[in-house]
Amino acid sequence: MKYLLLILVLSGAIASGEAFPHKGSSIMNGVPWYDENGKPVSAHGANIIRENNKYWLFGEYKTDSANVFTGFSCYSSDDLCNWRFERIALSQQQEGRLGAGKVGERPKVLRCPQTGEFVMLMHTDDLRYKDPCVCYATSKTVDGEYTFQGPLLYKGEPIRRWDIGSFVDDDGHGYLLVHHGTIYRLSPDFHSLDSCMVSGCKGVGESPAMFKKDDTYYWLSSHTTSWERNDNMYFTASSLSGPWTYQGEFAPKGSLTWNSQCSFVLTLPDGTPMYMGDRWSFPKQHSAATYVWLPMKADGPHLSIPEYWEVWSPQTGQGQELPGKQLSGGWAGGKPGDTFTQEFEGGCRVALYGTTDSAGGYAEITIRDKEGKTIFSTPVDFYSKVPATGLRWVSPYLPDGHYSLEVRVSEMKPNWSDKSKTQYGSTGYHVTITKIASAP
């Protein structure tokens, strides 16, 4: 998401979590982002709210070991490019729906116009996804510690569903979007649901998102393929209550929505809708899952992301090139333990380009200084159902000095199953690098 340069001290600051940011001005897609402490920005299934002249990003704070709730994170930014970790906005509870061994997903924060309170909507569940429930939490300030309030009720009953989204209309009314085509309106205080606007709109899938431009409402969703990517779709209407018209895909068919799943649409200050999507990476969801944020074109019934930009500026709305020079050509490893090493001089970042495909695995990336001390390490995901070649990882900034970059094929590969025990993910361990470059 960002062109964030993290200045390291030679003592290995990034390994100890003590990094000093060097601000950038671009969003970088499909690579891990780092906050002001040099740690991965972990905010998946996210939304953004604009408040106090800042952007506030809320999302799932993932682990690299299990799909278990550890908290919902809060980050802030002035420019959508450089992110500061503020806190875990909602922590694991001592018991109940967000206690130990529970699932918490897709937090959506809204400011209630009537009360000024900030309300967080979410999906809670057990680890088997057999106990879904839409719940909510509240805070007096956008960056405060949110208090879990329990189920969000409609006619006195909880909503027993999973994937959710949110939308606030021009008149201040807030709405809950539920998978498979249902829209509820929130009560004036946002603590319950007072009406059902649409029930079971045919064809709408999971991970719902919505925005309005001019007089048209756009309703985005993905097909039901677990964490696997697919060609997301959209519907349009002139009224929230419909009728809603299926319009097809908004990214080129077969691109699997540029290898991502929709989560939210943020309207930028100039009126441009910005698509926010996730590239899930199970089980390395904390360190290897990435984001795809791109400007959209919306005109009446027509919505599109016509081009994929690896690097772009949210200020100009234009794609950019990542400058630098090539350090090494290609390399490929096909079995766990295969290793490639490249030495280089610092005063730069290192950019890794490669090809992902259905047999791709995890690469273990390690940077060492001239004494052989590890100063940075991370997994990088080389799996995608549809082959794609491009930017895969960009290191934090490395000061002057001599370094070595090691790429090792991991014994672990991206694999998972859904609640029906259907198996997804990679068929192999391949890591295919097309080039390694330095970036000033």
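Hydrogens, waters and symmetry mates are skipped; everything else that's a heavy atom, side chains included, is used.
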Peer 1: Hey, can you tell me if H44 and W280 have their rings parallel, tilted or perpendicular (30° and 60° cut-offs)?
Peer 2: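 Plane angle between 30° and 60°, so tilted.
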Peer 1: Is the charged tip of R50 near the ring of Y55: under 6.0 Å from the six-membered ring centre and within 45° of its axis?
Peer 2: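 Because its charged atom sits under 6.0 Å from the ring centre and within 45° of the axis, R50 does stack over Y55.
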Peer 1: A quick test of your reading: do over 12 heavy atoms of other residues, nucleotides or ligands sit less than 6.0 Å from CG of D270?
Peer 2: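 Enclosed.
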Peer 1: Just checking F376 against Y34, ring centres under 6.0 Å apart?
Peer 2: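 Yes - the distance between ring centres of F376 and Y34 falls below the 6.0 Å cut-off.
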Peer 1: Is it true that Y184 and Y154 have ring centroids separated by less than 6.0 Å?
Peer 2: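 Yes, they do, as the ring centres are separated by less than 6.0 Å.
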Peer 1: Which class fits the ring pair W293 and W83: parallel under 30°, tilted 30 to 60°, perpendicular over 60°?
Peer 2: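 Correct class here is perpendicular.
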Peer 1: Are any of the side-chain nitrogens in E228 or K385 under 4.0 Å away from the carboxylate oxygens of its partner?
Peer 2: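 No, E228 and K385 are not salt-bridged.
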Peer 1: Before we go on, tell me: are the rings of H191 and Y136 under 6.0 Å apart, centre to centre?
Peer 2: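 Yes, close enough.
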Peer 1: Does a side-chain heavy-atom distance below 4.5 Å link N29 with Y308?
Peer 2: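 Side chain of N29 against side chain of Y308, heavy atoms only: contact under 4.5 Å found.
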Peer 1: Is there a donor-acceptor pair closer than 3.5 Å between any side-chain N or O of K108 and the backbone N or O of G45?
Peer 2: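 Yes; at least one donor-acceptor contact below 3.5 Å.
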Peer 1: Under 6.0 Å from the CE atom of M412, do we count more than 12 heavy atoms belonging to anything else shown?
Peer 2: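 Open: at most 12 neighbouring heavy atoms sit under 6.0 Å from CE of M412.
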Peer 1: Does atom CD (Q423) have a neighbourhood of more than 12 heavy atoms from anything else shown, all under 6.0 Å?
Peer 2: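 Yes, the 6.0 Å shell around CD holds more than 12 heavy atoms from other groups.
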Peer 1: Under a plain distance cut-off of 3.5 Å, with no hydrogens placed, do Q92 and T70 share a side-chain donor-acceptor pair?
Peer 2: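 On atom types as modelled, these side chains do not qualify, holding no pair under 3.5 Å.
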Peer 1: Answer yes or no: is there a donor N or O on one side and an acceptor on the other, between the side chain of R279 and the main chain of W258, under 3.5 Å?
Peer 2: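 A pair under 3.5 Å: yes.
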Peer 1: Measure centre to centre between the rings of Y61 and H286, then say whether the value is under 6.0 Å.
Peer 2: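 Between Y61 and H286, the centre distance is under 6.0 Å.
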Peer 1: Begin from the C-alpha positions of K155 and E157 and carry the test salt bridge (charged side-chain N to carboxylate O under 4.0 Å, His left out) through to its verdict.
Peer 2: CA-CA 6 Å; K155 296 183 177 180; E157 296 295 328; over 6 Å; no
Peer 1: Just say parallel, tilted or perpendicular for the rings of Y129 and H123, cut-offs at 30° and 60°.
Peer 2: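 The arrangement is tilted - the two ring planes meet at 30° to 60°.
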Peer 1: Aromatic contact between F72 and F58, with the criterion being ring centroids under 6.0 Å apart: yes or no?
Peer 2: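 Between F72 and F58, the centre distance exceeds or equals 6.0 Å.
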Peer 1: Charged N to carboxylate O below 4.0 Å: is that the case for R106 and D163?
Peer 2: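 Here R106 pairs with D163 in a salt bridge, since their nearest N and O are under 4.0 Å apart.
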Peer 1: Kindly indicate whether the side chain of M120, heavy atoms from C-beta on, has any atom under 4.5 Å from the side chain of M122.
Peer 2: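 Yes, side chains in contact.
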Peer 1: One thing to verify: whether D381 and K284 come together as a salt bridge, which I'm taking to mean a side-chain N less than 4.0 angstrom from a carboxylate O.
Peer 2: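 Looking at D381 together with K284, the answer is no, because their closest N to O distance does not fall below 4.0 Å.
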Peer 1: Start with the C-alpha gap between E51 and R111, add the side-chain angles, then the distance that decides, and say whether salt bridge (charged side-chain N to carboxylate O under 4.0 Å, His left out) holds.
Peer 2: CA-CA 9 Å; E51 188 73 19; R111 183 184 183 277; 3.6 Å; yes
Peer 1: Measure from NZ or CZ of K435 to the centre of the six-membered ring of Y353 and say whether it is under 6.0 Å with the direction within 45° of the ring axis.
Peer 2: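 Yes, a cation-pi geometry.
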Peer 1: Would the number of heavy atoms belonging to other residues, nucleotides or ligands and lying under 6.0 Å from CG of N53 be above 12?
Peer 2: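 Open: at most 12 neighbouring heavy atoms sit under 6.0 Å from CG of N53.
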Peer 1: Is the distance between the ring centroids of Y275 and F250 under 6.0 Å?
Peer 2: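 Here the rings of Y275 and F250 have centres that are less than 6.0 Å from each other.
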